[in-house]
Protein chains: 2
Amino acid sequence: MQGMKIGALAARTGTSVPTIRYYEAIGLLQRAARQESGQRLYSSEDIGRLTFIRRCRDFDFSIAQVRVLVDLLRDPSSTCTTARDLAAAHLVSVRDKMRELRALARSLESFVHDCDTACGGRSGPDCTVLGQMRRGERTAPPRRARSIAAAPGRA
Amino acid sequence: MQGMKIGALAARTGTSVPTIRYYEAIGLLQRAARQESGQRLYSSEDIGRLTFIRRCRDFDFSIAQVRVLVDLLRDPSSTCTTARDLAAAHLVSVRDKMRELRALARSLESFVHDCDTACGGRSGPDCTVLGQMRRGERTAPPRRARSIAAAPGRA
DNA sequence: TCTAGAACCTCAAGCTACTTGAGGGTCAAG
DNA sequence: CTTGACCCTCAAGTAGCTTGAGGTTCTAGA
């Protein structure tokens, strides 16, 4: 196959068409070859590049990190250690986020539980749980790092 | 205290000054009273309102959800059940997110592990792990819902 | 009383990673 | 030759703030 159009590449890689164009616009993918009419043409090599990028994103690496990884992949003088370190650092923040969510889940559990038992269906202004929150008594773990899953989702 | 300025309110509630102004701009806080000079003045009641909002945000409720909760708090004809249901639904998505992160952490662990053992410091283009990703062999759980922690962090 | 600096004001733009929409060409089949 | 699927380029919208520019007001000390 010596030239697939953007829709075919999208289908092959599980990427949306606008996302591919977006990646090109921000320079994550190099500018694609064009037909005379202006439509983009991709080679099988492009499939590899985009697949790689998608996998990186599945690993939840940020675009900036993916840039680094993409560069690694084409630089013969680079070392795979860089990738390893990126992943290791990322793993740390994922674990942090998990701890945060565990604490949040516990807080939500007691929120729900107390709504049922301590309050039990009163009006908003009279709700004991909401009242506690207004007075700063009922707390949840303060939110911190937004590095994990830091963007609106993809359809 | 019959009137504190925005800086004092910020200190009391652990909110940044721009964030308070932002909440006012989007109508989450009602427009504050002003001095003749235009500087905002807050009452102790405002402390309660903002504290409530902050707590809701600590529970990671979205701004839209906080709006609902704030309205509950001042509507005598409302029922606390609404809050309970919001929290319960939120808990479900938090647990989903945790599962997702657990899977992601496992993938990252094997990424790091294989970088050390299977590849062990080769150049980027020759790295076995990166090569697998380019070929779509090494996968991570596809990223989905961005509802939890979906925004840039607060300092 | 004057003045320096802290604190306040209002826009406007930036951040992440895309998605969505408007308005319009291109291409393949019937 | 028309129809409909697919392609193009901007531009703006999403969440939840933060940051910056450019300017006013307040307050405490000399």
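Quick note on labels: first sequence line is chain A, next is B, and so on, each numbered from 1. These numbers come from a predicted model, not from an experiment.
The salt bridge (Lys or Arg N to Asp or Glu O under 4.0 Å) check on R95(B) picks up E109(A), with sequence neighbours excluded. Partners of F111(A) under the ring pair (Phe, Tyr, Trp, His ring centres under 6.0 Å) rule, at least two apart in sequence or in another chain, are F59(B). Contacts of R67(B) classified as salt bridge (Lys or Arg N to Asp or Glu O under 4.0 Å), with partners at least two apart in sequence or in another chain: none. T15(A) is linked by a side-chain hydrogen bond (donor to acceptor under 3.5 Å, both in side chains) to T13(A), counting only residues two or more places apart in sequence or in another chain. For V17(A), the side-chain contact (heavy atoms from CB on, under 4.5 Å) partners at least two apart in sequence or on another chain are I6(A), A10(A), R21(A).
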Counting primed atoms plus P, OP1 and OP2 as sugar-phosphate and everything else as base, spell out the protein contacts along nucleotides 6-13 of chain D at 4.0 Å heavy-atom distance: B, S or - for each nucleotide, 5' to 3'.
-SSB----

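Atom-to-atom, CG of D60(A) to P of dA17(C) comes out at 9 Å; the value is rounded to the nearest Å. The CD-P distance, from Q35(B) to dA7(C), rounds to 15 Å in whole Å. The interatomic distance linking I63(A) (CD1) with dT19(C) (P) rounds to 11 Å, in whole Å. R67(A) places its CZ atom 11 Å from the C1' atom of dA17(C), with the value rounded to the nearest Å. Taking atom CD1 of residue I26(B) and atom P of nucleotide dT14(D), one finds them 13 Å apart after rounding to whole Å. Rounded to an integer number of Å, the gap from I53(B) CD1 to dG16(D) P is 13 Å. What separates OH of Y23(A) from C1' of dT16(C) is a distance of 12 Å, to the nearest Å. As a whole-Å value, the separation of L41(B) CG from dC9(C) P is 9 Å.
In this structure, D71(A) contributes its side chain and V68(A) its backbone to no donor-acceptor pair below 3.5 Å.
When each of dT18(D), dA17(C), dG16(D) is scored by its nearest atom to the side-chain atoms of P18(B), the top-ranked nucleotide is dT18(D).
Checking the phosphate oxygens (OP1, OP2) of dT19(C), a side-chain nitrogen or oxygen of S16(A) falls inside 4.0 Å.
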